[in-house]
Amino acid sequence: MKVIISADHAGMTIRNEVKNLLEEMNIEFEDTGCTCETSVDYPDYALPAAERVASGEFDAGILICGTGIGMSIAANKVKGIRCALVHDVYSAKLTRQHNDSNMIAMGERVIGPGLAREIAKVWLETAFDGGRHANRIGKISKYETEH
Ligand code: RB5
């Protein structure tokens with residue numbers, strides 16, 4: 001598995017925590033910023049990361065900003081991306097099982113690094129259930145293709 005991780009200036013602590021987790025899990029990853037010496041614009045980080053997941057270069061992507069909301073809104077503009085805004089472990093599990101999410105976004109002004117690590121771990125370890133859920137994902141993909 002290859003994971004891309006990206007954060008704006010408001011997500012540095014969680015980004016570092018998740019990078020530690022990825023190293024511990026022996027998961028290959030690329031950190032695409034930011035250097036965060038100044039304030040940056042989250043779409044400049046979410047959109048390129050989402051495109052690299054959508055292209056198949058990466059299997060999964062993790063985005064962090066202040067609330068996670070801006071990152072998730074931007075990532076979900078990219079065709080093929082299902083980015084879930086997640087701030088609890090239950091949703092992290094269910095969004096893999098039911099939504100086959102290929103990205104998650106978290107907000108560092110909402111949760112702490114310990115919970116973010118648990119969320120990322122569960123999300124990375126949980127498989128898609130398929131079945132009736134695949135039908136539903138198919139409807140989203142069909143809409144994307146037709147519009
Ligand atoms: C930056 O101040 C903040 O707006 C950003 O990190 C994010 O929370 C946007 O959704």
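Source: prediction; values computed, not measured. As the structure lists them, so they are numbered: ligands from 1, and atoms in each ligand from 1.
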* To do: Could you tell me which atoms of ligand 1, counted from 1 in the order shown, lie closer than 4.0 angstrom to a heavy atom of G66?
  => 5 (C), 6 (O), 7 (C), 8 (O)
* What are the atoms of ligand 1, with element, lying closer than 4.0 Å to any heavy atom of H9? -> 1 (C), 2 (O)
Quick test: of every protein heavy atom, which one is nearest to [atom], and how far off is it to 0.1 Å?
| atom | answer |
| --- | --- |
| atom 5 (C) of ligand 1 | D8 OD2, 3.2 Å |
| atom 8 (O) of ligand 1 | T67 N, 2.9 Å |
| atom 7 (C) of ligand 1 | C65 SG, 3.4 Å |

* Structure fact -> When rounded to the nearest 0.5 Å, the distance separating CG of N99 from CD1 of I104 is 12.5 Å
* Are K121 and E125 within salt-bridge range, i.e. N to O under 4.0 Å? -> yes
* Salt bridge or not for R52 and E30, using N-O below 4.0 Å? -> yes
* Below 4.5 Å, heavy atoms only, C-beta onward: do M1 and L124 meet side chain to side chain? ->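 Contact flag for M1/L124 side chains = yes.
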* **Student check: side-chain heavy atoms of I5 and V18 closer than 4.5 Å** => yes
* Examine G70 against ligand 1 and note whether any of their N/O atoms are separated by less than 3.5 Å. =>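 Such a contact does occur with ligand 1.
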* Between A10 and ligand 1, is there a nitrogen or oxygen pair with a distance under 3.5 Å? -> no
* From the options R109, E108, M71, select the one whose nearest heavy atom is closest to atom 3 (C) of ligand 1. =>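 Comparing heavy atoms across R109, E108, M71, the nearest one to atom 3 (C) of ligand 1 lies in R109.
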* To do: Quick one: do I137 and F128 satisfy side-chain contact (heavy atoms from CB on, under 4.5 Å)? Show the steps, please.
  => CA-CA 11 Å; I137 304 297; F128 179 44; 4.0 Å; yes
